[in-house]
Amino acid sequence: MYDFKEIEEKWQKRWEDAKCFEAKNASDKEKYYLLVEFPYPSGSGLHVGHVRSYTALDAMARIKRMRGYNVLFPMGFDAFGAPAEQYAIKNHVYPANMVKDCIKTFRSQMKKLGFSFDWSREFATTDPEYYKWTQWQFLQFYKAGLAYKAEKEINWCPNCLTGLSNEDAEGGICERCGSKTEKKLKSQWMLKMSSYADKLLAGLDKTDFMDKIKIAQINWIGRSEGAEVDFKIDGEEDTLKVFTTRPDTLYGVTFMVMSPEHKYLEKYESKIKNLDEVKKYQEYAKSKTEIERTDLTREKTGVKLEGFEVINPVNDEKIEVWISDYVLANYGTGAIMAVPAHDERDFEFATKFNIPIIPVIEGGDTTKEAYTGDGKMINSGKFNGITNKKEAISKMIEYLEEKGVGEKKINYRLQDWIFSRQRFWGEPIPMIYCEKCGWVPVPEEELPLILPDVPSYEPTETGESPLANVTDWVNCKCPKCGSDAKRETDTMPNWAGSSWYWLRFMDPHNDKCFASMDALKYWGMVDYYNGGMEHATRHLLYARFWHEFLYDQGLVPTEEPFKKRVSHGMILGENGEKMSKSRGNVVNPDDMMNAYGADALRTYEMFIGDYAKDASWSENGLKGCKRFLDKIYRLKDKVNDKEEYTKDLEILINKTIKKVEEDINTMNYNTAVSALMILSNEYDKLDSITRKDYRTILHLLNPIAPHITEELNEMLNLGPAFYESTFPEYDENKITFDKVNIACSVNGKLRATIEVDMDTPKEELLRLAKEQENVIKHIEGKEIVKEIVVPNKIVNIVVK
RNA sequence: GCAGGUGUGGCGAAAUUGGCAGACGCACUAGACUUAGGAUCUAGCGGAGCAAUCCAUGGGGGUUCAAGUCCCUUCACCUGCACCA
């Protein structure tokens, strides 16, 4: 019938030549910034899931442009990270070349799909011109005291002799060889994200994220209010500090638990009488994989410290101290006060090791289980009798503060960001270590610090980055004192490059700064940011943290980077499972485009279902959408030479205009498509349609299926190309029919429908309803109890 | 365990937010046109029933003239987080 390939290529070229999708950094038009997460250019090419979100935002971008906005809709590539590195290790090639090839494939696929990205702004995070600024920004963190070195555990595979990312060591098992991974202490660069915890929480109020995304962020930050309490170590001046959310239960403390990694175990080694046993337990805890350690069904284990006791600050009683791996080293102070009567985990522990349980709040049976509910305080000295938990907590904190043995404290689950990777394929961290001066930043004018090629891409045997083997790169002079020094060989994590990329899109070719203040001010916040739900926590937090930091440094004009964040559901295989090579259910967008065309693929992915939900692929569904486009094409033969709407279609057309724009702006793409299908069905019923009828449906469909609609519009010479036209407006006066169907029911059951004039008065509706044969049948001989009339909707007669 | 979400025909889903459940599409059935159909057109398509009608939105209960929609309860599945003190 028509050659969609030829049509698609023609229009793609036309758009490119016209540069109609290139955003201007200075414009009288109102700006609109649409951002969709840039992809990782993997070797397997674009996924049909990419097509879904890109089409969705493309449709929005096209509508916004046709509504007169200066739209920024950019695309780039996030190309540092594991997959390219794995490929490099396997094939002994420099990853940059492979990345280049993959990007080429991705770009060409996206162009074939007709996305209206502004390609003039494209970049990859691996471009030295880009990572120069990633490095520069890292130095700003350093200068502000927010980047520091600390001993942190990494996942270490004793078999491969290599450090692994959390992803590669999932569940404590080395992905490559299957052996159990260990924890190994390594000095790593950290970013002080924890100091932004409150800002990250408060900043959410300035955004319009989907609720579930806000909640995910809030949970991840994990703010919890409580108190820090000092327990004096018996026989020492030192105190053991714990964090608790339940200071009101202090009188119920019967033991303390420290994590096996707690620093006091070393400090007070000489005090501990059963040191051998303790050391053995520490070894045991270390050998546990992440999964084993966090397995809730696992029985509690632990060792009591002999000769090491603390004093309860509220009643001066001596308390035994244990170590157990159920207490985490990296949360709170790494030690807890245990109140078995009112905490489930402490209860479990106390029961197992026969430790006394003292209830301090009335309620429940604390010989059987921990009571975590509310109640009257008992066994708590002067606090006895308080029934309100909130009051009890604040009174206790007041008391602790008075005595100088504790204070109010807010804790966060959110931790500092481990910013080092012992990996090759990442941005080099621009720091130099000098014996005399310590850590010295690479001078800014020497950036970018180029990532050199190396003889081997695998991490070294000591767990260092392969860069450590490039001696003439590592060895350098200290920028401060000029003596021999060494470069940091760790690289940045994958997340670094994607933590500010939306800013670079605003001014991608700037070589003086990461983006000019003018550009940053003009584009402001990203208006609409779309990405996968899997990035709702980490990426989004890193990006917001990074941005908030830049704001505090006066480097960006807005506190928050993204106004609205939305996420799309996955496209699953035809069998309802996640698409993967091993499951053999992968659908290649190229194959679909070749068989049905880009427009059909785009239309189908918009029609597939609720945008926010997962959806299973169906090639038959795609065929159906192709048929719909074919029908649109065939309708051209019905076009007459009239220039106004067909009278009978006018209302439906106006309604459809309204619905399509609203639906696309609210992510209800599926109903936008279905509205257009309904309209096309109505057109099809008529012998002829007008030029305006036809141009309008093409125009409405254009954001979703841009090629075929442009072609038909031009073929019939209906008007200027859509990319340079204004989107149709609906007439508010013509979106309601003058006739309306009224449901007539008896006792809530539908008995008849009547067609009446819009806004027919109540009395008239009731009278008409009662004339209906089937209504009469059901009310005859019965007593009418109630009559409900809702104008333009329904009549309900209640009988007995 | 906690948090969030979902549950409607054979399938993907709609439902103006309390007012005719199943729009639109797929699959399927019958027919038309055709050398042919993976094209197009016509008709049908939740279940039961010849029909009037009855039953149906995971299950149970409630509010209401009226419930897919609100409330209570229960089950199932999905996604995060998970011994966070």
Side-chain angles (χ1 to χ4, degrees), chain A residues 1 210-216 218-220 222-224 226-227 242-247 249 256-257 259 293-298 300 324-328 330-339 342-346 348-349 411-415 533-534 536-537 569-570 574 576 603-604 607-610 612-628 630-631 634 655 659 668 670-681 684 741-753 774 777-778 785-790 792-799:
Chain A
M1 185 155 69
M210 280 165 87
D211 275 347
K212 63 172 175 179
I213 293 172
K214 276 193 184 180
I215 289 163
I218 290 166
N219 289 345
W220 192 277
R223 182 182 200 271
S224 89
V242 300
F243 172 73
T244 177
T245 53
R246 295 294 305 274
T249 61
M256 311 289 286
V257 188
S259 75
R293 184 159 174 172
T294 55
D295 183 4
L296 282 169
T297 57
R298 197 174 125 245
K300 297 255 181 302
S324 171
D325 63 2
Y326 86 89
V327 172
L328 308 172
N330 51 14
Y331 182 77
T333 63
I336 61 157
M337 58 178 230
V339 186
H342 307 292
D343 181 279
E344 281 169 41
R345 296 148 303 177
D346 299 345
E348 202 191 314
F349 195 86
N411 245 316
Y412 299 93
R413 212 184 70 98
L414 185 73
Q415 308 208 346
M533 204 49 208
E534 70 275 17
T537 45
M570 265 189 300
E574 204 128 11
T603 307
Y604 170 59
F607 187 59
I608 196 167
D610 186 334
K613 277 199 242 162
D614 291 353
S616 298
W617 181 261
S618 155
E619 193 162 339
N620 278 328
L622 171 54
K623 283 180 193 168
C625 288
K626 168 75 168 120
R627 281 206 279 269
F628 164 59
D630 290 349
K631 179 184 270 183
R634 278 197 310 274
K655 281 177 95 154
K659 183 162 179 62
N668 293 304
N670 53 339
T671 48
V673 175
S674 96
L676 289 165
M677 286 173 169
I678 292 168
L679 187 61
S680 75
N681 289 345
D684 206 26
N741 277 323
I742 302 291
C744 306
S745 53
V746 180
N747 286 350
K749 294 221 162 91
L750 181 70
R751 297 304 174 189
T753 50
N774 204 26
K777 206 173 117 191
H778 284 91
V785 184
K786 210 168 186 181
E787 289 164 337
I788 290 114
V789 184
V790 183
N792 298 327
K793 275 191 180 147
I794 198 165
V795 175
N796 189 21
I797 301 165
V798 186
V799 295

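It should be emphasised that the depicted structure is a prediction, and the values quoted were computed from it without experimental measurement. To find a chain, count down the sequence lines: A is the first, B the second, and so on, and within it residues start at 1. The figures here come from the full heavy-atom set of this structure, side chains too, leaving out hydrogens, waters and symmetry mates.
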Checklist entry - What's the verdict on side-chain hydrogen bond (donor to acceptor under 3.5 Å, both in side chains) for A/Lys631 and A/Asn681, showing C-alpha distance, side-chain angles and the deciding distance? => result CA-CA 9 Å; A/Lys631 179 184 270 183; A/Asn681 289 345; 2.6 Å; yes
I'd like the [atom1] distance from [M] over to [N], given in whole Å.
N	M	atom1	answer
B/C75	B/G60	C1'	10 Å
B/G19	B/A66	P	14 Å
B/A13	B/G9	P	11 Å
B/G68	B/G58	C1'	12 Å
B/G10	B/C45	C1'	11 Å
B/U16	B/A27	P	28 Å
B/U8	B/C78	P	15 Å
B/C72	B/A85	P	27 Å

In whole Å, what is the span from the [atom1] atom of [X] to the [atom2] atom of [N]?
X	N	atom1	atom2	result
A/Asp346	B/A85	CG	P	12 Å
A/Leu414	B/A82	CG	P	12 Å
A/Met570	B/G5	CE	C1'	14 Å
A/Lys300	B/A85	NZ	P	14 Å
A/Met210	B/G5	CE	C1'	10 Å
A/Met533	B/G4	CE	C1'	8 Å
A/Leu328	B/A85	CG	P	10 Å
A/Asn747	B/C54	CG	P	11 Å

Item to check | Per A/Asp325 side chain, nearest of listed nucleotides B/C83, B/A23, B/A85 | outcome: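 Of all the options, the side chain of A/Asp325 is nearest to B/C83.
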Checklist entry - Choosing from B/C24, B/C81, B/C41, which nucleotide comes nearest the side chain of A/Arg634? => result B/C41
Checklist entry - Does B/U35 adopt a syn or an anti glycosidic conformation, taking syn as a chi angle within 90° of 0? => result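 Here B/U35 takes the anti form, which means its glycosidic angle is more than 90° from 0.
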Checklist entry - Hey, is B/G9 sitting syn or anti, using the within-90° cutoff around 0? => result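 Base orientation relative to the sugar is syn.
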Is there a Watson-Crick or G-U wobble partner for [N] with both distances under 3.5 Å, and which nucleotide is it?
N	value
B/A30	B/U42
B/G12	B/C24
B/A85	none
B/C2	B/G80
B/C65	B/G19

Please confirm whether the shortest side-chain N or O distance from [X] to OP1 or OP2 of [N] is below 4.0 Å.
X	N	value
A/Arg413	B/C83	no
A/Lys212	B/G4	no
A/Arg627	B/A27	yes

Could you pull out the protein-nucleic contacts involving nucleotides 49-52 of chain B (nitrogen or oxygen on both sides, under 3.5 Å)?
unit_1 : atom_1 : unit_2   : atom_2 : d
B/A52  : O2'    : A/Lys777 : NZ     : 2.9

Checklist entry - Between A/Arg751 and A/Asn774, what is the shortest heavy-atom contact and its length? => result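 Taking every non-hydrogen atom into account, O-ND2, 2.8 Å.
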Under 4.0 Å, counting only non-hydrogen atoms across every strand here, what does [X] touch: a base, just sugar-phosphate, or nothing?
X	result
A/Arg751	sugar-phosphate
A/Lys749	sugar-phosphate
A/Gly624	sugar-phosphate
A/Asp684	sugar-phosphate
A/Asn681	sugar-phosphate

Next on the checklist: One pair to check against side-chain hydrogen bond (donor to acceptor under 3.5 Å, both in side chains): A/Ser745 and A/Asn796. What are the steps and the verdict?
Outcome noted: CA-CA 5 Å; A/Ser745 53; A/Asn796 189 21; 3.2 Å; yes
Next on the checklist: Check this for me: A/Glu344, atom CD, are more than 12 non-hydrogen atoms of other residues, nucleotides or ligands nearer than 6.0 Å?
Outcome noted: no
Considering only heavy atoms from C-beta outward, does the side chain of [X] approach that of [Y] to under 4.5 Å?
X	Y	answer
A/Ile336	A/Asp346	yes
A/Asp343	A/Arg246	no
A/Met533	A/Lys212	yes
A/Trp617	A/Tyr604	yes

Item to check | A/Asp630/A/Lys626 salt bridge by N-O under 4.0 Å criterion | outcome: yes
Item to check | Distance (rounded to the nearest 0.5 Å) between A/Lys786 NZ and A/Ile797 CD1 | outcome: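 Spacing of NZ (A/Lys786) from CD1 (A/Ile797) equals 14.0 Å.
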Item to check | Aromatic A/Tyr326 / basic A/Lys300 pairing, under 6.0 angstrom, 45° off normal | outcome: yes
Checklist entry - Mind checking whether A/Tyr331 and A/Phe243 have parallel, tilted or perpendicular rings, split at 30° and 60°? => result perpendicular
Next on the checklist: I want to confirm an ordering. Mapping A/Asn219 and A/Gln415 to their closest nucleotides on RNA chain B, which one lands closer to the 5' end?
Outcome noted: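 Result: A/Asn219.
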Item to check | Protein-to-nucleotide contact annotation, 5' to 3' order, nucleotides 6-22 of chain B [B base; S sugar-phosphate only; - none; under 4.0 Å, heavy atom] | outcome: S-----BSS----BB--
